Amino acid sequence: MTLHNLIQIADLAKYEGQEITLRGWVYDRTDKGKLQFIQLRDGTGIAQCVAFKKDMDETEFANASKLSQESSLVITGTVRKDDRAPGLPGGYEVGIKTLQLVHHAEDYPITPKEHGVEFLMDNRHLWLRSSRQWAILRIRATIVHELRNWLDDHGYLLVDTPIITPAAGEETTTLFQLDYFGEPAYLAQTGQLYNEANMMAFGKVYCFGPTFRAEKSKTRRHLIEFWMLEPEMAFFSLEDLMDMEEQLLSHVVKAVLAKHQRELAILERDLNKLEQITAPFARISYDEAVERLQKLAAETQDPEQKALLAIEWGSDFGSPHETAIAEMFDRPVFVYHYPTAVKAFYMQPVEGRPEVCRSVDLLAPEGYGEITGGSERIYDSELIEQRVATIGLPREAYAWYLELRKFGSVPHAGFGLGLERTVAWICGLPHVRETIPYPRILNRKYP
RNA sequence: UCCGCAAUAGCUCAACGGCAGAGCAAUCGGCUGUUAACCGAUGGGUUCUUGGUUCGAAUCCAAGUUGCGGAGCCA
């Protein structure tokens with residue numbers, strides 16, 4: 001078959017008046033008898049291809065009238081401007097000259113009508129072809145690209161951390177255990193401890209990869225396997241960390257707005273909300289957050305809501321608390337100096353107030369909750385030894401980590417950013433299950 | 001793990017103690033501007049499972065399974 005002038009649908013408008021070749025899949029079709037409208041999808045966009053009986057070979061037109069959803073084909077034809085033409089980007093269509101069927105799809109299950117969550121999740125491998133998923137995963141790719149771009153351009157070095165680890169990175173989470181030639185090993189829940197070693201070698205580093213938590217969490221914000229970006233910086237204070245995070249995230253949001261107007265339109269995202277995401281973000285202490293929540297709870301009439309908002313100083317925030325705090329601001333808000341007891345063992349205590357630590361979480365607006373969590377790390381050798389002993393961690397497993405404090409220990413800080421939560425927020429999605437191609441959630445690992 | 005809700009055609013749902021139904025999809029036919037096209041026709045059912053109540057159960061009851069929403073835990 002001839003494939004002269006093979007183009008991508010995203011570039012269709014550049015070829016007005018020219019004869020071109022497209023390859024792709026039937027997204028939808030309208031049959032008008034002697035006239036067929038084929039919406040052809042090639043991964044870069046959707047083009048309306050019009051088959052007129054009188055313009056085509058009789059057999060090829062007959063094939064066109066039998067096309068089923070998701071059948072694959074190669075067409076040649078002439079590009080013309082037509083305001084009636086739907087598609088992505090739309091406004092141009094192709095008058096078909098030849099049409100070759102590559103494969104006839106039979107009974108494609110996902111139709112243009114509505115479907116339930118369970119059905120779509122069972123058909124995730126096919127659901128990815130739908131325009132909404134197309135939009136989300138393209139934005140996800142840009143978010144990853146822009147996060148890495150910004151870091152690479154600002155002197156941060158990508159240093160990969162292992163996925164198979166001999167011990168937990170944090171004391172709280174349940175890990176997936178592996179059989180490592182007869183010895184137990186675990187899937188990483190964070191690259192943080194290795195980042196601290198890498199930071200001492202390279203100054204400013206980050207790791208980016210999948211992390212695994214065997215928690216039986218069943219919420220709109222949890223995945224069993226999720227991707228985390230973790231920068232770690234030598235000589236950084238908590239304030240440096242917040243400055244850096246707001247620069248990084250406002251850059252990413254700006255880039256998505258610049259590159260993905262079409263995708264955001266498909267998702268019906270409120271662009272005003274994203275345009276507000278500029279540095280500086282709001283900053284409040286844990287103490288102030290608790291006070292504000294207590295005041296809000298006191299003023300709340302609905303008893304159910306009142307109970308959800310109730311909080312005592314010293315407790316970690318639940319999902320309703322995070323949402324309530326975030327709603328008090330029109331941009332992301334940093335909450336810093338959490339109680340030491342609810343945070344990880346390696347977080348630096350506040351001087352003169354050891355009951356709170358130099359930690360900071362970033363809460364996204366619109367109820368998306370915590371998207372980053374970070375802190376200054378303990379760099380004093382004796383203090384970190386003491387914390388490991390108090391928590392009851394097996395010292396031998398952490399010996400290498402503790403040794404970092406013996407050779408030129410420095411103040412340092414870092415954070416972890418949950419990629420899927422960030423994608424859900426920027427895309428305005430109700431659930432993280434659509435932010436990753438093949439979500440691993442409680443009781444689901446297929447497909 | 002706890003609380004709440006649900007499960008009926010390939011899909012989305014209706015029928016709520018008395019004949020198992022619609023729209024979409026599929027198949028066949030018609031139509032030269034469709035945007036979730038429209039019009040006509042055809043095929044399509046272990047009503048999640050097990051047990052119980054009843055003359056009679058998709059419908060009521062019990063247990064289980066699966067899913068969804070929320071809580072907790074967290075990024």
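Please read these numbers as outputs of a predicted model, since none were measured by experiment. Chain naming here is simple, since letters A, B, ... match the order of the sequence lines and numbering starts at 1 in each.
Applying the 4.0 Å criterion to OP1 and OP2 of B/A71, one finds that A/S319 has a side-chain N or O inside that range.
Protein atom OH of A/Y206 is 21 Å distant from nucleotide atom P of B/A75, rounded to whole Å. Here the P atom of nucleotide B/A71 and the CG atom of A/L309 are 11 Å apart, to the nearest Å. Separating the CG atom of A/D83 from the C1' atom of B/U35 is a distance of 14 Å, rounded to the nearest angstrom. For the pair A/M347 CE and B/C74 P, the computed distance is 11 Å after rounding to whole Å. A/D28 has its CG atom 8 Å from the C1' atom of B/A36, to the nearest Å. In this structure, NZ of A/K32 is placed 11 Å from P of B/C38, rounded to the nearest angstrom. Atoms CZ (A/R29) and P (B/C24) sit 16 Å apart, rounded to a whole Å. Between the NZ atom of A/K34 and the P atom of B/G30 there is a distance of 9 Å, given to the nearest Å.
Each of A/Y108 and A/F37 has a nearest nucleotide on RNA chain B; the 5'-most of these lies closest to A/Y108. Toward the 5′ end of RNA chain B lies the nearest nucleotide of A/D107, the other residue of the pair A/V50 and A/D107 mapping further downstream.
Counting non-hydrogen atoms under 4.0 angstrom, A/E304 reaches nothing in the nucleic acid. In this structure, A/K218 reaches the bases: a heavy-atom distance under 4.0 Å links it to at least one base atom across the strands shown. Counting any heavy atom pair closer than 4.0 Å across all strands shown, A/Q36 reaches no nucleic acid atom. At a threshold of 4.0 angstrom between heavy atoms, the contacts of A/F226 include nucleobase atoms, whether or not backbone atoms are also involved. Using a 4.0 Å heavy-atom criterion, one finds that A/H431 contacts the sugar-phosphate atoms exclusively. A/G369 comes within 4.0 angstrom of nothing in the nucleic acid, heavy atoms only. If you check every strand for non-hydrogen atoms under 4.0 Å, A/T422 touches nothing. Within 4.0 Å (heavy atoms only), A/E225 reaches no atom of the nucleic acid at all. In this structure, A/L223 reaches the bases: a heavy-atom distance under 4.0 Å links it to at least one base atom across the strands shown. Across all strands shown, A/P86 has heavy atoms under 4.0 Å from base atoms, whether or not it also approaches the sugar-phosphate.
B/A36 and B/A6 are spaced 27 Å apart, taking the C1' atom of each and rounding to whole Å. Annotation: B/A22 and B/G44 have their C1' atoms spaced 14 Å apart (nearest Å). B/C60 and B/U54 are spaced 9 Å apart, taking the C1' atom of each and rounding to whole Å. Look at the P atom in both B/U46 and B/G10: the space between them is 7 Å, to the nearest Å. The same atom, C1', is picked in B/G40 and in B/G51; the two are 48 Å apart, to the nearest Å. Taking atom P on both nucleotides, B/C3 is separated from B/A9 by 29 Å, rounded to a whole Å. Remark: the separation of the P atoms in B/C31 and B/G17 is 49 Å, to the nearest Å. Of the C1' atoms belonging to B/G69 and B/A63, the separation is 23 Å, rounded to the nearest Å.
In this structure, the nucleotide among B/U34, B/C24, B/G67 sitting nearest to the side chain of A/K113 is B/C24. Checked against B/U1, B/G67, B/G10, the side chain of A/K216 finds its nearest nucleotide in B/U1. The side chain of A/T30 lies closest to B/A37, out of B/A37, B/G33, B/A75. Side-chain proximity of A/L35 to B/U32, B/U34, B/G69: nearest is B/U32. Checked against B/C11, B/U32, B/C74, the side chain of A/H222 finds its nearest nucleotide in B/C74.
In summary, A/R140 and A/E420 engage in a salt bridge, as defined by a charged side-chain N under 4.0 Å from a carboxylate O. A salt bridge is absent between A/R80 and A/D82: the closest approach of a Lys/Arg side-chain nitrogen to an acidic carboxylate oxygen does not fall below 4.0 angstrom. Look at A/E327 and A/R292 and you find no salt bridge, because none of the NZ, NE, NH1 or NH2 atoms lies under 4.0 Å from a carboxylate O. Look at A/E246 and A/R331 and you find no salt bridge, because none of the NZ, NE, NH1 or NH2 atoms lies under 4.0 Å from a carboxylate O. Classification of A/K295 and A/E299 as a salt-bridged pair holds, one side-chain N sitting under 4.0 Å from a carboxylate O.
At a cut-off of 3.5 angstrom, counting only N and O atoms as typed in the model, there is no donor on one side facing an acceptor on the other between the side-chain of A/E215 and the base of B/G72. Interface remark: the A/E118 side chain does not form any donor-acceptor pair with the B/U66 base, using a distance-only criterion of under 3.5 Å. For a distance-only test at 3.5 Å, the side chain of A/D31 qualifies as a donor-acceptor partner of the base of B/C31. A donor-acceptor contact under 3.5 Å is not formed by the side chain of A/R433 with the base of B/C68. Remark: the A/S217 side chain and the B/C73 base include a donor-acceptor N/O pair separated by less than 3.5 Å.
Looking at A/M244 and A/L151, their side chains come closer than 4.5 Å, going by heavy atoms from C-beta outward. Considering only heavy atoms from C-beta on, A/T340 stays 4.5 Å or farther from A/P354 through its side chain. Contact check for A/F176 versus A/Q189: no side-chain heavy atoms found under the 4.5 Å cut-off.
Of all nucleotides present, only B/G52 satisfies the Watson-Crick or G-U wobble test against B/C60, with each distance under 3.5 Å. The base-pairing partner of B/U12, taking Watson-Crick or G-U wobble contacts with both distances under 3.5 Å, is B/A22. Judged by Watson-Crick or G-U wobble contacts below 3.5 Å, the nucleotide B/G29 has B/C39 as its partner. Figure legend. B/C5 is base-paired to B/G67; pairs are counted as Watson-Crick or G-U wobble with both atom distances under 3.5 Å.
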key: Evaluation steps, ring-ring contact (aromatic ring centres under 6.0 Å, His included), between A/Y186 and A/F212   = CA-CA 9 Å; A/Y186 307 91; A/F212 309 88; over 10 Å; no
